[in-house]
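Data block below; observations after.
These values consider heavy atoms only, across backbone and side chains, with no hydrogens, waters or symmetry-generated copies.
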Amino acid sequence: MKVEGRKALVLGAGKSGVESARFLAARGATVALHDKKAVEDWSEAAGALKTKHGVGLMSGDIPSWLLDQIDLVVISPGVPTNTIPARYVKRKDGEVIGEVELAYRFMKGRIVGITGSNGKTTTTALIGELLKNAGIMTQVGGNIGTPLLSLTETSRDDGWTVAELSSFQLETIVDFRPSVAICLNVTPNHLDRYDSFNDYAAAKHRLFLNQTNEDVAILSADDSTCASWASGLRANVVMFSVKRELESGMFLRDDKELVCRDGGSEKVLTTRNQIFLRGLHNVENVLAALAAGLACGASPESMRETVATFKGVEHRIEFVTEIDGVKFYNDSKATSVDATSKAIEALSGGSGKTILILGGRGKNAPYAPLVPLIESSVSSLVLIGEDADNIKSQLTGVATIERADSLEAAVELGFSVAKKGDSVLLAPACASFDMFKSFEERGDVFKRAVLKLQERITLSAEAAATPPR
């Protein structure tokens with residue numbers, strides 16, 4: 001792709017946009033970076049682009065005379081593709097792509113692409129570990145937190161890049177082609193951005209757009225949307241299931257063995273009790289990751305060892321601590337109803353109940369699918385954030401409902417209603433942007449509040465145990 005001499009506009013001053021602007025400017029393009037936020041509110045890295053790389057920094061409306069000069073627009077994932085500057089430039093035959101597409105055009109080696117409504121980050125991180133521990137040159141990035149573009153310079157012809165990809169990122173691909181592509185599931189999400197569930201699913205399906213019969217597509221046989229795609233792809237399809245045995249593919253047998261069956265032969269790759277991660281949904285993630293590992297040339301023996309020691313990633317059903325017999329779990333990444341369902345399921349089955357902290361910025365998805373799980377496993381709901389009233393209106397009568405003005409107050413409330421053996425779970429089913437900059441910040445605030453509560457209770461117990469002088 002020719003970059004030198006081009007006039008480029010990058011939309012969105014987050015991590016992806018900053019890296020795109022830096023990358024293009026370093027290769028001789030004239031670059032402007034735009035964000036709806038005022039420039040003085042941008043990150044330090046974004047603000048430094050002007051002095052370090054000569055990038056123009058803009059907020060507010062972009063004048064048409066400037067758009068007339070632009071021949072390349074790079075859209076960050078959080079910016080809608082129908083935004084006026086993108087439409088304007090595209091109408092005059094300019095090029096409109098995303099950071100992932102830009103990265104692909106400079107990337108060496110082969111790519112594993114992972115998408116899905118839930119489980120992407122865990123599966124991406126696990127595949128990275130499976131390949132690295134098998135001695136395969138591997139780097140990991142994308143929606144997991146490291147812009148794919150920043151990995152182009154370290155990519156190698158003999159290596160693999162494992163990339164987590166959101167539906168937003170897939171909207172703007174053109175030539176992007178992963179050698180191994182995985183879709184874990186497609187459940188209602190981001191309906192505040194998409195016109196319908198089908199529109200959202202179509203964005204996910206774009207992952208397989210450019211694959212050929214030399215590539216591998218890995219799909220869930222248990223997800224009706226994913227399963228329906230199998231017959232229409234050019235790639236070699238590998239299915240996985242935790243619900244039934246497959247004639248060919250990866251499956252969980254008798255809730256015990258993770259099996260790979262290829263034609264008439266089969267191999268037990270590991271067993272469920274050897275997986276460190278909790279929850280049936282994580283068995284799905286492991287099956288998909290094992291299928292990818294096999295496609296990339298990792299040995300079954302090496303992968304078995306990695307699966308047994310892989311402890312997951314932060315903010316995904318992350319155990320924080322136990323206070324007076326009450327366990328606290330941080331699943332701040334559960335930003336959809338389906339993700340929250342999986343978190344509740346993962347903690348169910350014990351003697352105690354779950355106190356569930358819900359709420360944040362809603363995504364126009366119904367909360368009714370949570371009702372059966374709440375009735376069976378949850379004793380109390382603690383609601384926070386913008387969508388608290390909406391959640392209450394949909395879940396009143398299902399469990400006891402408490403309201404909290406802050407996440408710190410929600411931790412206190414959750415502990416106050418919990419009994420020994422219960423768990424307090426942050427799995428909000430909502431985005432974080434009403435109260436926090438990101439789901440990571442929300443999870444960090446939750447963990448600090450829990451540890452502060454633990455410290456206070458410990459000090460109080462020590463004081464009570466100290467005899468007066």
Side-chain angles (χ1 to χ4, degrees), residues 100 103-104 106-116 119-165 176-184 207 211-212 214-218 235-238 240 249-251 257-263 265-277 282-314 316:
V100 166
Y104 177 74
F106 292 87
M107 188 74 70
K108 297 176 183 177
R110 290 176 287 178
I111 295 172
V112 180
I114 302 100
T115 196
K120 296 186 296 297
T121 300
T122 297
T123 306
T124 299
L126 176 54
I127 292 172
E129 291 299 305
L130 291 174
L131 301 190
K132 288 175 185 175
N133 293 345
I136 298 170
M137 171 62 191
T138 308
Q139 54 183 10
V140 178
N143 196 56
I144 198 170
T146 302
L148 206 58
L149 202 54
S150 67
L151 301 180
T152 56
E153 294 170 4
T154 53
S155 61
R156 294 186 352 190
D157 290 330
D158 61 343
W160 286 86
T161 297
V162 182
E164 177 185 333
L165 300 164
F176 180 81
R177 174 191 164 194
S179 297
V180 179
I182 303 168
C183 189
L184 298 165
L207 178 64
Q211 284 196 299
T212 71
E214 297 178 355
D215 303 317
V216 175
I218 300 169
N236 299 294
V237 175
V238 177
F240 65 91
M250 315 282 294
F251 58 88
E257 297 175 330
L258 280 69
V259 180
C260 172
R261 181 179 286 167
D262 185 6
S265 64
E266 66 175 50
K267 183 177 181 65
V268 176
L269 298 178
T270 190
T271 58
R272 185 170 181 181
N273 62 10
Q274 290 179 295
I275 300 173
F276 182 87
L277 301 176
N282 273 320
V283 178
E284 294 178 302
N285 297 337
V286 170
L287 283 169
L290 290 171
L294 291 173
C296 297
S299 71
E301 293 74 25
S302 170
M303 292 197 296
R304 184 181 301 114
E305 293 177 9
T306 300
V307 165
T309 56
F310 180 73
K311 291 181 169 56
V313 290
E314 194 177 15
R316 280 84 175 170

Heavy-atom closest pair, residues R304 and T270: CG-OG1, 3.9 Å
Check: L294 and M303 side chains under 4.5 Å, non-hydrogen atoms: yes
Separation between CZ of R316 and CG of L277, rounded to the nearest 0.5 Å: 12.0 Å
Check: E129 and L131 side chains under 4.5 Å, non-hydrogen atoms: no
For the student: nearest non-hydrogen atoms of C296 and V180, plus distance: SG-CG2, 4.2 Å
Considering all heavy atoms, the nearest S155-F106 contact: OG-O, 4.4 Å
Intermediate values then yes/no, side chain to side chain contact (heavy atoms under 4.5 Å, CB included), C260 and F251: CA-CA 7 Å; C260 172; F251 58 88; over 6 Å; no
Worked check of side chain to side chain contact (heavy atoms under 4.5 Å, CB included) between L165 and F176: CA-CA 11 Å; L165 300 164; F176 180 81; 3.6 Å; yes
Minimum side-chain heavy-atom gap P178-L207 below 4.5 Å: yes
Heavy-atom check, side chain of K120 versus side chain of T115, under 4.5 Å: yes
E284 and F240, any side-chain heavy atoms less than 4.5 Å apart: yes
Side chain T122, main chain G312, donor-acceptor under 3.5 Å: no
Check: D262 main-chain N/O paired with S265 side-chain donor or acceptor under 3.5 Å: yes
K108 NZ to E153 CD distance, which is reported to the nearest 0.5 Å: 10.0 Å
Donor-acceptor contact present, side-chain Q274 to main-chain V307, <3.5 Å: no
E305 side chain vs S302 backbone, donor-acceptor pair below 3.5 Å: no
L149 and T152, any side-chain heavy atoms less than 4.5 Å apart: yes
Evaluation steps, side chain to side chain contact (heavy atoms under 4.5 Å, CB included), between V283 and R272: CA-CA 7 Å; V283 178; R272 185 170 181 181; 3.6 Å; yes
Test side chain to side chain contact (heavy atoms under 4.5 Å, CB included) applied to I127 and W160, step by step: CA-CA 11 Å; I127 292 172; W160 286 86; over 6 Å; no
Option from N143, I114, N285, V313 for which side chain to side chain contact (heavy atoms under 4.5 Å, CB included) with T121 holds: V313
Contact summary for M137 and D158, nearest pair of heavy atoms: CB-O, 4.4 Å
Considering all heavy atoms, the nearest A288-L184 contact: CB-CD2, 3.5 Å
R261 side chain to G249 backbone, donor-acceptor under 3.5 Å: no
Close side-chain approach of N282 to F276, heavy-atom, < 4.5 Å: no
Contact list for residues 131-140, test side-chain hydrogen bond (donor to acceptor under 3.5 Å, both in side chains), sequence neighbours left out: N133-T306, Q139-T154, Q139-T161
Ion pair check, R177 and E214, cut-off under 4.0 Å: yes
Shortest non-hydrogen contact from V140 toward G128: CG2-CA, 3.7 Å
Of L130, T123, T124, the residue whose pairing with L126 passes side chain to side chain contact (heavy atoms under 4.5 Å, CB included): L130
Interatomic distance, R156 atom CZ to R110 atom CZ [nearest 0.5 angstrom]: 12.5 Å
Note, L290 side chain near L258 side chain (heavy atom, < 4.5 Å): yes
